[in-house]
Amino acid sequence: MKYNRCGKSGLLLPEISLGLWHNFGSVDNFENAESIAIEAFDKGITHFDLANNYGPVPGSAEENFGKILWHNFQGNLRDEIIISTKAGYTMWKGPYGDWGSRKYLLSSLDQSLKRMNVDYVDIFYSHRPDPETPIEETMMALDHAVRSGKALYVGISNYSAEQTRVAVDVLKQLGTPCLIHQAKYSMLERWVENGLLDVLEEKGVGCIAFSPLAQGLLTDKYLKGIPENSRAHNPNGHLREDEVTQERIQKLIQLNEMAQNRNQSLAQMALAWLQKDKRITSVLIGASSVKQLCNNIDCLQNTEFSNDELNAIEKILA
C-alpha cells in the first residue's frame, strides 16, 4: 500500500480506503463486517470512512465499528488508523436532525463519538451543503469541532466547485484548513473534472473519490443484464434499474474487454483508472466480503495506462 499526502497537509492517506456505507449495519452479519475491517487493516488500509446515518438502521454502522475497534484496535492501534465521519443528511426527526446548522453538526458529532466509543475522530465532514444555512455557520461548526478536540481535521462532501472555493476560504480565515473533499467520481460520473479538481489543486485540498464503481455498475455483474441479487434489483438500493440501460451495458462490455487485456477485472481497472490523476488522494471502496475486498485491492498491481488505453476508454465512454 502506498500512502499519499492529503493536499498540503501533513496527513498521509492510503491509496485505497474502506467505506462502511454498506455491509456494516445492524441488518448485516457482524462477524463478516469485522473480518473485512481486520483484513483491510492487515492489507495496509488505515482509513475507515463512516457517516452518522450509515446502516441501516441509521447509526448502526458507527455502533458496529465501535465494537470492531474495541475488539481489535485497542491501545496504540487507535493511533494507527484514520476514522472519518459526517453529518448533513437526515439522521433524526425534527428540525435539528438534518442539513448544516451548527446545532445539528455538533450534536451529531457528539452522538457519533458515543456510538463509536472514541474521544475524537480524525476527519469530520459536512456531508452536503445546506441551501438554507449560511456557509459561514456550517464552517464555524467544523472549526469548533477541531478546537474542541473532537476532530483533528475537517472536510466537505458533495460541494460544487464554487461552494468548495467559498468553504475553503472561510475555513482558512477561521484558522482551520479544509483537509479534504469527498466527491462522487468514477468512469461514469465525471462532474469533478469540470472545475472541482482544479479548485482543490489550487487550494491545496485533498480529494477522496466515493462510489468509484458506480454502485456496482463498473463490475462484471451487469454485463448480461440485471441479476436478481444486485443493488439495481433491490428497491431499497441506490442504483435504479433504469440506470442499467442497454446502451450502458454495451459500454461496460467494451470496458470489460479492455480490462481483460490488462489482466484485470472491470472493477480493478475502474479503480486503477481513478489512481491516474495525482489530485486524487485516495479511492474509497466498499466490500461485502473479504474476497471482494482483496480483489479490489489487487487493482494496485497495475495502475499505469498508456495513452492509447486512455483514449480508447474515452471513446467508449463518449
Side-chain angles (χ1 to χ4, degrees), residues 1-7 13-17 19 158 160-162 164 180-226 230-232 239-240 242-286 292 295-318:
M1 185 67 65
K2 194 174 87 176
Y3 299 87
N4 297 322
R5 188 163 302 280
C6 192
L13 293 181
E15 291 176 287
I16 298 290
S17 298
N158 299 306
S160 70
E162 188 51 42
T164 296
I180 193 167
H181 187 297
Q182 187 170 136
K184 192 175 187 178
Y185 187 25
S186 72
M187 283 181 167
L188 302 177
E189 183 74 60
R190 308 282 291 273
W191 72 276
V192 302
E193 297 171 5
N194 297 323
L196 178 63
L197 288 177
D198 293 332
V199 170
L200 297 179
E201 183 177 33
E202 173 193 339
K203 298 292 186 179
V205 177
C207 184
I208 182 168
F210 78 87
S211 290
L213 301 180
Q215 291 295 305
L217 262 181
L218 289 166
T219 68
D220 57 11
K221 184 176 289 187
Y222 296 95
L223 298 179
K224 296 181 180 179
I226 302 176
S230 65
R231 288 184 185 176
L239 179 65
R240 303 189 312 273
D242 59 12
E243 295 180 74
V244 191
T245 63
Q246 282 303 314
E247 179 185 5
R248 181 162 273 182
I249 289 173
Q250 290 305 310
K251 292 183 178 183
L252 297 177
I253 290 172
Q254 294 178 68
L255 290 172
N256 187 60
E257 290 174 356
M258 278 197 65
Q260 290 178 336
N261 290 333
R262 288 170 49 85
N263 294 317
Q264 289 181 314
S265 67
L266 174 54
Q268 289 169 342
M269 185 178 78
L271 294 171
W273 180 85
L274 288 169
Q275 303 278 350
K276 73 185 187 310
D277 193 321
K278 299 310 175 187
R279 294 172 294 185
I280 301 299
T281 311
S282 185
V283 176
L284 194 58
I285 65 170
Q292 184 187 40
N295 284 339
N296 285 343
I297 293 174
D298 284 345
C299 75
L300 299 176
Q301 295 179 9
N302 183 11
T303 60
E304 299 296 324
F305 289 84
S306 68
N307 287 332
D308 287 344
E309 286 177 317
L310 292 175
N311 290 333
I313 288 172
E314 292 303 322
K315 186 176 180 181
I316 293 169
L317 294 173

Participant: What's the separation between atom CD1 in Ile208 and atom CG in Leu274, rounded to the nearest 0.5 Å?
Facilitator: 11.0 Å
Participant: What are the two closest non-hydrogen atoms of Cys6 and Gly206, and how far apart are they?
Facilitator: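 Closest heavy-atom pair between Cys6 and Gly206: SG-CA, 3.9 Å.
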Participant: Kindly say whether Ser282 contributes a backbone atom to a donor-acceptor pair with the side chain of Glu15 at under 3.5 angstrom?
Facilitator: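 No, because the side chain of Glu15 does not come within donor-acceptor range (under 3.5 Å) of the backbone of Ser282.
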Participant: May I ask you to decide whether Glu309 forms a salt bridge with Arg262, counting only side-chain N to carboxylate O separations under 4.0 Å?
Facilitator: yes
Participant: Please report the interatomic distance CE(Met187) to CG(Leu317), rounded to the nearest 0.5 Å.
Facilitator: 6.5 Å
Participant: Please tell me if the side chains of Arg248 and Leu188 come closer than 4.5 Å, counting only heavy atoms from C-beta onward.
Facilitator: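 Side chain of Arg248 against side chain of Leu188, heavy atoms only: contact under 4.5 Å found.
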Participant: What are the two closest non-hydrogen atoms of Pro212 and Ser186, and how far apart are they?
Facilitator: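 Nearest heavy atoms, Pro212 then Ser186: O-CB, 3.2 Å.
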Participant: Are Ile180 and Leu13 packed together at the side-chain level, in the sense that at least one heavy-atom pair is separated by less than 4.5 angstrom?
Facilitator: yes
Participant: Quick one: are Leu310 and Trp273 in side-chain contact, heavy atoms under 4.5 Å?
Facilitator: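 Yes, side chains in contact.
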Participant: May I ask you to decide if Cys207's main-chain N or O and Thr281's side chain share a donor-acceptor pair within less than 3.5 Å?
Facilitator: yes
Participant: Can you tell me how far apart CG (Leu284) and OG (Ser17) are? Round to the nearest 0.5 Å.
Facilitator: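 Those atoms lie 6.0 Å apart.
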Participant: Let me confirm one number: the CG-CD distance from Leu196 to Glu201, rounded to the nearest 0.5 Å.
Facilitator: 11.5 Å
Participant: Say whether, by atom type as modelled, one donor and one acceptor occur between the side chain of Gln264 and the main chain of Asn302 under 3.5 angstrom.
Facilitator: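 Answer holds: yes.
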Participant: Report the distance from atom CD of Gln254 to atom CG of Leu266, rounding to the nearest 0.5 Å.
Facilitator: 12.0 Å
Participant: Does Glu304 have more than 12 heavy atoms from other residues, nucleotides or ligands lying within 6.0 Å of its CD?
Facilitator: no
Participant: Answer yes or no: is there a side-chain heavy-atom contact under 4.5 Å between Leu271 and Asn296?
Facilitator: yes
Participant: Looking only at heavy atoms, what is the nearest atom pair of Ala209 and Tyr185, with distance?
Facilitator: CB-CB, 3.9 Å
Participant: Are any non-hydrogen side-chain atoms of Thr303 and Lys276 less than 4.5 angstrom apart?
Facilitator: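 No - every pair of side-chain heavy atoms lies 4.5 Å or more apart.
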Participant: Can any side-chain N or O of Gln268 pair as donor or acceptor with the backbone N or O of Asn295 at less than 3.5 Å?
Facilitator: yes
Participant: Leu217 versus Gln215: any side-chain heavy-atom pair under 4.5 Å?
Facilitator: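 A side-chain contact under 4.5 Å is absent here.
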Participant: Indicate yes or no: at least one non-hydrogen side-chain atom of Ile16 is less than 4.5 angstrom from one of Gln275.
Facilitator: yes
Participant: What I'd like to find out is whether the side chain of Arg279 reaches to under 4.5 Å of the side chain of Leu200, using heavy atoms alone.
Facilitator: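 Arg279 vs Leu200: side chains apart.
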Participant: For the CD1 atom of Ile253 and the CE atom of Met258, what is their distance to the nearest 0.5 Å?
Facilitator: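 Separation between the atoms: 15.5 Å.
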Participant: Keeping the roles fixed (side chain from Asn256, backbone from Leu252), state whether a donor-acceptor pair exists under 3.5 Å.
Facilitator: no
Participant: Near Lys251 NZ, under 6.0 Å, is it more than 12 heavy atoms from other residues, nucleotides or ligands?
Facilitator: yes
Participant: Please report the shortest heavy-atom distance between Phe210 and Lys184, naming the atom on each side.
Facilitator: CE2-N, 3.1 Å
Participant: Is Arg190 paired with Glu314 through a side-chain N to carboxylate O contact shorter than 4.0 Å?
Facilitator: yes
Participant: Dump the intermediate steps for side-chain contact (heavy atoms from CB on, under 4.5 Å) on Leu255 and Ile316, then the final yes or no.
Facilitator: CA-CA 7 Å; Leu255 290 172; Ile316 293 169; 3.9 Å; yes
